[in-house]
2 protein chains.
Amino acid sequence: MGKNLTTRKEDYSKWYNELVVKADLAENSGVRGCMVIKPYGFAIWEKMQAGLDKMFKETGHENAYFPLFIPKSYLSKEASHVEGFAKECAVVTHYRLKNAEDGSGIIVDPDAKLEEELIVRPTSETIIWDTYRRWIQSYRDLPLLINQWANVVRWEMRTRLFLRTAEFLWQEGHTAHATEKEAIAEAELMMNVYAEFAEKHMAVPVIKGLKTESERFAGALETYCIEALMQDGKALQAGTSHFLGQNFAKAFDVKFANKEGQKEHVWATSWGVSTRLMGALVMTHSDDNGLVLPPKLAPIQVVIVPIYKGLDQLDVISEKIGPLVKELRAKGISVKFDNRDTHKPGFKFNEYELKGVPVRLAIGQRDLENGTYEVARRDTLEKETVPADEVVAKIEFLMDHIQKNIYQKAFDYRKEHITNVDSYEEFKKVLEEKGGFISAHWDGTIETEDRIKEETKATIRCIPIDVKEEEGSCMVTGKPSSHRVLFAKAY
Amino acid sequence: MGKNLTTRKEDYSKWYNELVVKADLAENSGVRGCMVIKPYGFAIWEKMQAGLDKMFKETGHENAYFPLFIPKSYLSKEASHVEGFAKECAVVTHYRLKNAEDGSGIIVDPDAKLEEELIVRPTSETIIWDTYRRWIQSYRDLPLLINQWANVVRWEMRTRLFLRTAEFLWQEGHTAHATEKEAIAEAELMMNVYAEFAEKHMAVPVIKGLKTESERFAGALETYCIEALMQDGKALQAGTSHFLGQNFAKAFDVKFANKEGQKEHVWATSWGVSTRLMGALVMTHSDDNGLVLPPKLAPIQVVIVPIYKGLDQLDVISEKIGPLVKELRAKGISVKFDNRDTHKPGFKFNEYELKGVPVRLAIGQRDLENGTYEVARRDTLEKETVPADEVVAKIEFLMDHIQKNIYQKAFDYRKEHITNVDSYEEFKKVLEEKGGFISAHWDGTIETEDRIKEETKATIRCIPIDVKEEEGSCMVTGKPSSHRVLFAKAY
């Protein structure tokens with residue numbers, strides 16, 4: 001096809017890295033671990049943002065903005081939190097550069113050292129709870145339901161575009177509640193919002209579940225998550241929602257007067273998804289020809305490629321498709337008419353396949369004569385000839401159908417890749433030969449979890465929300481277990 | 001009115017500071033110079049973003065995202081640029097914290113020192129032009145029209161909410177062109193886009209002009225600007241658009257092959273507006289009762305306050321206004337029905353005046369009997385009784401009328417505050433007694449400009465785009481001058 005893309009079978013990891021760059025989603029920058037999100041990739045992210053933002057607002061949340069910097073002492077206030085983030089953070093120590101006196105160039109001015117170092121936020125619980133202390137006095141101020149769209153920095157040593165970068169974009173919700181029950185309900189609600197977004201907008205099926213203690217967010221009492229499965233059989237954590245108990249309220253002394261006038265500590269949640277979702281989107285649907293995008297997130301939903309000899313023919317085609325473009329746009333469908341005379345149709349076909357445009361229309365001399373279009377769908381690569389007066393209905397049908405079809409395909413793949421196993425031998429065999437999620441009994445201890453991770457690189461992705469009670473024994477230690485958990489190798 | 005707001009006459013500066021906090025726009029954070037943008041303030045900023053983003057896209061620009069960090073060596077590549085930003089930047093020197101061995105707490109890990117320091121972007125020309133070198137090969141890649149919404153950091157010593165903060169939110173456009181002429185046209189286009197946004201959305205009249213050499217952006221050949229006038233007679237630079245020539249293309253070696261196959265350096269522009277616009281919005285329209293917001297940017301355009309005795313009456317009112325709320329929302333008007341039983345109508349009236357909600361509807365027992373509403377507009381504080389069947393039309397009229405009225409009011413104020421003067425004595429007198437823009441002849445030298453600034457604190461805000469040729473002599477030195485320029489004290 002002329003795309004020079006490594007196939008998934010040859011090297012899945014290389015396929016992904018190449019695809020992200022060649023499809024103009026993102027690339028590495030001159031700054032270690034930081035990516036540039038290119039316009040086409042950013043247009044997809046903007047659609048994700050818009051979809052999520054709408055859902056957040058519909059569930060009563062408001063946006064706000066908190067500082068990029070966190071004083072070192074703030075980060076230290078919640079013990080397990082600093083433990084989790086101190087090892088990988090960017091530290092601002094000075095506030096000025098100057099010309100070196102020896103003429104060697106621009107240096108950090110030693111006279112401009114900060115009294116207290118500032119951490120570039122890896123997540124904002126501490127700076128936000130320091131603010132909430134001023135905002136929350138009474139039960140009337142609760143619940144406080146706030147979200148922030150922001151960049152965060154975690155100094156990762158091994159980075160991959162979208163999946164793991166030093167700087168990434170995300171949203172972080174931070175809510176405060178009068179009761180434990182309400183806070184837990186909020187954490188669960190947001191897990192459900194994330195799952196709905198993943199499934200309905202991204203067409204990515206996810207499993208909702210709870211993290212084990214060792215996989216929890218630093219500072220959380222409970223971490224809810226959504227887990228997706230990539231085409232190489234590895235899992236990807238696509239979003240998390242944390243019940244934080246009163247940990248941050250206690251660390252930052254945030255109390256409210258209840259209806260009886262008594263002071264109580266507030267209950268908290270936080271929840272986030274990031275540009276990592278872009279990685280999940282790419283790896284769930286795309287194929288050896290390039291991206292496959294769900295219509296709901298595709299920056300260009302329909303591309304029209306004219307096939308012509310000479311600019312006269314192009315003029316005739318342009319005139320013909322004018323009203324069609326108008327009609328589609330009026331229906332809210334984004335259309336691009338690619339009339340570039342510098343590139344041949346075959347080149348354009350390749351390009352839009354690589355970029356995952358859901359539907360391609362081609363129109364040439366014969367179509368003009370017959371009053372037809374060639375309609376090609378990206379997901380199945382099927383083509384058909386459609387009469388001009390049916391083409392709008394066809395496209396509307398495809399917008400809906402492609403969205404559902406790629407979801408179903410991913411759902412079927414996942415269904416085939418959830419395997420129940422009852423022995424550690426079988427576990428290792430399935431993990432090696434088939435991958436995917438493995439549902440197995442575990443004795444509930446960190447020791448066994450660590451041992452499995454060390455020996456197989458598989459981690460417990462989650463205890464599914466809808467897990468069934470089932471008497472069994474741990475596949476490793478044989479100790480009793482009351483339900484299965486889901487293991488997988490993961491991104 | 002119970003708002004306890006300092007009046008503008010008493011202390012304009014204090015009035016502004018109090019209003020920003022009391023109207024829930026923003027507040028200072030625990031991090032020096034960094035603000036928290038509160039949900040109500042952020043909702044206004046979101047509307048600004050949406051309006052500008054639409055205009056950028058309609059003029060052919062795409063969004064992308066570039067790294068937060070800039071290697072020190074990048075910043076140094078363009079000489080006047082580093083000169084302009086080195087004195088006030090946040091420098092990341094380390095990438096890890098650790099527990100002090102003496103148990104004194106969390107410290108910066110001296111073993112995690114970066115080989116090259118990273119600057120938190122004060123603006124992104126350098127990191128972006130380092131990227132453009134990879135993106136631009138041929139004239140076919142041009143023009144490259146990209147915008148980024150981002151946070152930036154400039155280590156200001158004296159900060160004020162929205163007007164001057166260490167971290168602020170902004171958009172920065174960075175474009176690349178094949179010819180000087182195209183780049184200049186782009187810089188002018190974006191100045192016009194900013195002016196249109198300020199006038200049509202913010203209802204803030206602005207003067208379009210060119211900066212003098214000493215007021216130009218660090219690295220620009222020409223800086224276009226829009227200048228607004230605040231109610232205290234001080235000017236505020238509301239947006240800038242820079243023609244950068246080939247400075248950054250040369251510093252980062254960005255060349256393209258022209259149609260003849262010859263390599264040429266690319267021509268550049270950059271342009272930006274920031275959360276500073278929030279300050280301009282507040283200071284242009286608001287009064288001693290609080291914010292006055294233009295309907296186009298008001299998060300709540302209409303608030304409905306029920307006046308009732310007992311919850312039975314509230315129920316009757318709620319039922320009555322249900323269809324009205326629905327009808328208004330269907331017309332795209334944002335409505336809040338404040339049925340809180342914890343606060344009295346007078347308290348609510350105050351609150352929404354303070355927050356600048358353009359239209360307030362009140363409905364009580366008498367209105368129910370008469371089939372009327374009390375409609376109050378925030379800009380003039382006028383009230384009238386309107387029959388129920390005319391209220392929707394009245395509100396639609398007011399949405400448009402208030403927008404125009406507050407623009408006209410600001411326009412008239414500015415018109416009264418542009419004074420032509422022909423002597424330095426008169427200049428100082430007008431500056432002291434009246435303020436506003438002063439239109440005067442200047443000899444075109446930096447020396448005279450500096451002297452005026454030192455002696456009067458007034459700066460040249462701009463050479464207006466529509467300036468008329470007029471023979472005259474510099475009010476300070478008497479040297480010949482061919483046109484007037486606009487001076488003012490400025491934020």
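Keep in mind that the numbers below use all heavy atoms, side chains included, and drop hydrogens, waters and symmetry copies. Below, chains carry the letters A, B, ... as their sequence lines are ordered, and counting in each starts from 1. Just so we're clear, the structure is a prediction, and the values are computed from it rather than from any experiment.
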Exercise. Could you go through the side chain to side chain contact (heavy atoms under 4.5 Å, CB included) check for A:Ile106 and B:Leu75 one step at a time?
Key: CA-CA 9 Å; A:Ile106 303 283; B:Leu75 201 66; over 6 Å; no
Quiz prompt | A:Leu97 side chain near B:Ile119 side chain, heavy-atom distance below 4.5 Å | solution = yes
Quiz prompt | Contact class of A:Arg140 relative to chain B, heavy atoms under 4.5 angstrom | solution = side chain
Exercise. Heavy-atom distances under 4.5 Å only: say whether B:Thr342 touches chain A with side chain, backbone, both or neither.
Key: side chain
Practice problem: Measure A:Ile146 against the heavy atoms of chain B and call it side chain, backbone, both or neither at under 4.5 Å. | Solution: side chain
Quiz item: Hey, what do you get for CG (B:Leu169) to CH2 (A:Trp149), rounding to the nearest 0.5 Å?
Solution: 15.0 Å
Quiz prompt | Which portion of A:Phe85 sits near chain B, non-hydrogen atoms under 4.5 angstrom | solution = neither
Quiz item: Of the backbone (N, CA, C, O) and the side chain (C-beta and beyond), which part of A:Arg32 lies under 4.5 Å from a heavy atom of chain B, both, or neither?
Solution: neither
Quiz item: Parallel under 30°, tilted from 30 to 60°, perpendicular over 60°: which one fits the rings of A:Trp155 and B:Phe69?
Solution: tilted
Exercise. State the OG-CD1 distance between A:Ser76 and B:Ile107, to the nearest 0.5 angstrom.
Key: 11.5 Å
Quiz item: Roughly how far apart are B:Leu118 CG and A:Cys34 SG, rounded to 0.5 Å?
Solution: 7.5 Å
Quiz item: Top residue by heavy-atom pair count (under 4.5 Å) with chain B, among A:Glu117, A:Glu88, A:Glu116, A:Lys72?
Solution: A:Lys72
Self-check item: Proximal component of B:Arg134, with respect to chain A [non-hydrogen, under 4.5 Å]
Solution: side chain
Quiz item: Which bit of B:Lys57 is near chain A, if near means a heavy-atom gap under 4.5 Å: side chain, backbone, both or neither?
Solution: side chain
Self-check item: chain A contact via B:Tyr40 - which portion, at a heavy-atom distance below 4.5 Å
Solution: neither
Quiz item: Which atoms of B:Leu68 come close to chain A, meaning under 4.5 Å heavy atom to heavy atom: side chain ones, backbone ones, both, or neither?
Solution: both
Quiz prompt | Spacing of B:Tyr95 atom OH and A:Met157 atom CE [to the nearest 0.5 Å] | solution = 4.5 Å
Quiz item: Can you check whether B:Pro39's main-chain N or O pairs, donor with acceptor, with A:Glu62's side chain at less than 3.5 Å?
Solution: no
Quiz item: In terms of heavy-atom proximity below 4.5 Å to chain A, should B:Trp135 be classed as side chain, backbone, both, or neither?
Solution: side chain
Quiz item: Measuring from A:Phe42:CZ to B:Phe66:CZ, what's the distance to the nearest 0.5 Å?
Solution: 10.5 Å
Exercise. Can you tell which part of B:Asn28 gets under 4.5 Å to a heavy atom of chain A, answering side chain, backbone, both or neither?
Key: backbone
Quiz item: What do you reckon, is NZ of B:Lys98 surrounded by more than 12 foreign heavy atoms closer than 6.0 Å?
Solution: yes
Quiz prompt | Nearest atoms (heavy-atom pairs only) where B:Ala64 meets A:Lys38 | solution = CB-C, 4.3 Å
Quiz prompt | Closest non-hydrogen atom pair between B:Glu167 and A:Arg121, with its separation | solution = OE2-NH2, 4.3 Å
Quiz item: Under a 4.5 Å heavy-atom cutoff, which of B:Ile128, B:Asn151, B:Asp130 has the most pairs with chain A?
Solution: B:Asn151
Practice problem: Below 4.5 Å from any heavy atom of chain A, which atoms of B:Gln148 appear? Answer side chain, backbone, both or neither. | Solution: neither
Quiz item: Does CD belonging to B:Glu58 count more than 12 external heavy atoms closer than 6.0 Å?
Solution: yes
